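What follows is a short report on a single structure.
Note that this is a predicted model, so its numbers are computed, not measured.
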Amino acid sequence: MIKSTASRIQSMTPLRRALLAREALIKSAGSSLAYGPAEGILRRILKVTGNWGLWPISLLLLAKRYFDGRLANDWAGTLPQVLFVGIDALREYQIRADLCAEVGEAPFIVDQRTPAGFSSLPAPSIGSVLRQWRRVMSEALAILKEPDVAFEKLDLLSSLAIRIHDLSYLTALFERLRRERPNLRVVFSTADLPAHAACLAGFKPEYHQHGLLAAALVFPEFSFLVALTSYEGRYVAERVPGLRFRVSAHGKNAMALNSVVAIACDYMARDPAPSVGLIRLAHLYGFKVVVRPHPKGDENLLRGIRDCEGVIIDPAGSFDDFMEKWRPTIVASWYSTTLLDGLLFGALPVTFSKGVPATVLPLDDISLGFPQEASRIESCMRSADQRSNEHNTLIKLVTE
């Protein structure tokens with residue numbers, strides 16, 4: 001139901017699409033919305049006030065967004081040729097380096113994760129923000145007049161409440177930016193709300209993919225995509241009319257491999273039990289185990305792994321440097337692009353998230369699951385020929 005709901009929202013007008021393109025909302029289709037403490041408070045208020053509560057709540061959030069942006073603003077009055085908006089993901093260092101090499105200067109970097117991230121750009125006027133808010137609020141109220149069978153009413157109402165003010169402010173911000181720099185090249189590493197706002201303001205931004213695409217993603221009107229795989233490139237191109245794409249030039253070269261199992265930690269992972277099980281299995285078959293911690297990962301996960309004897313922790317360098325150094329036969333992780341990287345390097349990918357994440361590039365089809373497929377993984381540890389056969393089967397999806 002998630003994929004069909006995402007596809008339906010993708011076909012809507014750009015403004016309505018932007019309001020409904022919240023991943024958590026789309027993932028709630030047919031089930032329940034996952035939300036944090038702040039949204040929990042908001043939901044309790046909206047449960048009492050209904051649609052009428054949307055007006056004052058949204059205006060209060062808009063006022064806070066506007067004044068926070070004004071207080072933090074440190075716009076210096078100049079921009080290079082390229083504006084890069086990201087989330088400080090590990091792969092973004094390569095995206096920024098590629099842009100720098102292409103245009104001959106470093107891009108201007110904005111971290112979209114907090115309102116302060118946009119404070120280095122020219123702030124919009126209060127008049128333009130309110131004009132966008134009236135437009136966005138009108139569309140939100142129109143959405144609420146048409147019950148959507150995929151979403152619970154309160155889920156839809158709270159999702160709109162936390163997006164209206166942000167979309168209004170960011171659209172006004174990008175609108176001013178486009179007036180002042182109409183030829184600015186705008187690049188995003190995510191297909192999130194800021195990218196929708198840039199499109200609504202008239203930009204034709206690019207999307208340089210930093211990680212695996214979730215099935216719940218709904219895309220704005222990007223003009224160009226740098227995809228991790230041709231499989232994902234075709235998927236996005238089918239949903240965004242006129243989109244051109246190419247696959248990232250940073251292909252991997254298969255390496256001579258060592259008897260090493262590499263575990264790449266994921267910042268979302270919490271439970272060390274699956275990785276500990278694989279470590280024990282690897283030691284049983286004489287494999288060295290090297291762990292690459294995630295810089296923003298959970299300490300409990302790493303503590304559980306450190307309790308295992310004979311494990312090497314190596315956080316140094318990029319992931320490509322890590323792979324070149326250790327040349328592992330098996331690369332294990334959770335919901336991570338390192339599985340794809342390992343596959344392209346010639347290693348056998350093993351996921352601890354079998355059947356869990358709904359991704360465009362299906363992890364279940366490009367990796368073996370542990371502990372679900374432990375017997376197949378054991379066979380691969382015993383036999384190089386079996387590893388080669390499994391790898392050849394898994395890699396077909398991303399090379400054809």
Side-chain angles (χ1 to χ4, degrees), residues 88-102 189 208-212 226-230 232 246-267 269 275 278-279 282-283 285-297 301-302 305-306 308 310-352 361 363 366-368 370 377 380-381 384-392 394-399:
D88 198 28
L90 294 178
R91 193 179 290 270
E92 286 180 9
Y93 82 94
Q94 188 62 63
I95 297 174
R96 296 193 298 266
D98 290 345
L99 289 169
C100 183
E102 182 182 342
S189 72
H208 292 218
Q209 185 185 343
H210 84 272
L212 297 173
V226 179
L228 293 182
T229 65
S230 57
E232 292 165 304
R246 67 171 173 82
V247 178
S248 172
H250 298 280
K252 313 299 179 185
N253 296 314
M255 307 177 301
L257 305 178
N258 299 321
S259 296
V260 173
V261 172
I263 297 177
C265 294
D266 184 270
Y267 76 98
S275 53
L278 183 64
I279 290 167
H283 285 162
Y285 286 96
F287 282 76
K288 181 182 293 184
V289 177
V290 183
V291 175
R292 180 173 175 80
H294 194 286
K296 301 171 186 174
L301 172 67
L302 200 55
I305 290 173
R306 281 198 180 106
C308 298
V311 172
I312 301 169
I313 308 293
D314 185 2
S318 69
F319 186 73
D320 284 4
D321 295 334
F322 176 89
M323 291 294 290
E324 291 284 354
K325 176 180 178 180
W326 295 103
R327 297 176 177 268
T329 293
I330 293 173
V331 173
S333 190
W334 285 258
Y335 171 57
S336 172
T337 53
T338 55
L339 297 171
L340 174 61
D341 290 334
L343 180 66
L344 295 175
F345 269 121
L348 185 73
V350 171
T351 179
F352 301 123
L361 183 67
L363 284 185
I366 66 163
S367 59
L368 299 182
F370 186 86
I377 295 168
C380 291
M381 289 180 174
D385 288 341
Q386 184 64 27
R387 287 198 299 272
S388 178
N389 291 338
E390 291 283 7
H391 182 273
N392 291 340
L394 297 174
I395 202 169
K396 286 180 180 178
L397 186 68
V398 298
T399 56

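Closest of all the heavy-atom pairs between A347 and P349 is O-CD, 3.4 Å.
Within the 4.5 Å cutoff, no side-chain heavy atoms of V331 are placed close to those of F345. Looking at heavy atoms from C-beta onward, V261 lies out of side-chain contact with K288 at the 4.5 angstrom threshold. Considering only heavy atoms from C-beta on, V398 stays 4.5 Å or farther from L228 through its side chain. A heavy-atom distance below 4.5 Å is found between the side chains of C265 and V291.
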Go through it in stages, so that I can follow the logic: the residues are D98 and H208, the test is side-chain contact (heavy atoms from CB on, under 4.5 Å), and I'd like the CA-CA distance, side-chain angles, deciding distance and then a yes or no.
CA-CA 10 Å; D98 290 345; H208 292 218; over 6 Å; no

Begin with the C-alpha distance, continue with both residues' side-chain angles, and end with the deciding distance and a verdict on side-chain contact (heavy atoms from CB on, under 4.5 Å) for M323 and D341.
CA-CA 9 Å; M323 291 294 290; D341 290 334; 5.9 Å; no

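E390 pairs by the salt bridge (charged side-chain N to carboxylate O under 4.0 Å, His left out) definition with R376, not counting sequence neighbours. Shown here are the salt bridge (charged side-chain N to carboxylate O under 4.0 Å, His left out) partners of D321, two or more places apart in sequence or in another chain: there are none. Residues passing the side chain to side chain contact (heavy atoms under 4.5 Å, CB included) test with A89, sequence neighbours excluded: I87, E92, H210. For T338, the side chain to side chain contact (heavy atoms under 4.5 Å, CB included) partners at least two apart in sequence or on another chain are A264, F319, S333, S336. Applying the side chain to side chain contact (heavy atoms under 4.5 Å, CB included) rule to Y285 yields the partners L281, F287, E378, M381, R382; only residues at least two apart in sequence or on another chain are considered. Checked against salt bridge (charged side-chain N to carboxylate O under 4.0 Å, His left out), R292 has no partners two or more places apart in sequence or in another chain.
Expressed to the nearest 0.5 Å, how far CD1 of I330 lies from CG of L368 amounts to 8.5 Å. Separation of atoms CD1 (I313) and CD1 (I263) is listed at 8.5 Å; rounding is to 0.5 Å. The OG atom of S275 sits 9.5 Å away from the CZ atom of F370 when rounded to the nearest 0.5 Å. In this structure, NE2 on H391 lies 11.5 Å from CG on N389, to the nearest 0.5 angstrom. Interatomic distance, CD1 of I366 versus CG of L340, reported as 5.5 Å (0.5 Å rounding). Atom CG of D88 is separated from atom OH of Y93 by 13.5 Å, given to the nearest 0.5 angstrom.
The backbone N or O of W326 lies less than 3.5 Å from a partner atom in the side chain of N258, making a donor-acceptor pair. Listed for the T229 side chain is a donor-acceptor partner under 3.5 Å among the backbone atoms of E232. Formation of a donor-acceptor pair under 3.5 Å by the S189 side chain with backbone atoms of Q209 is not found in this model.
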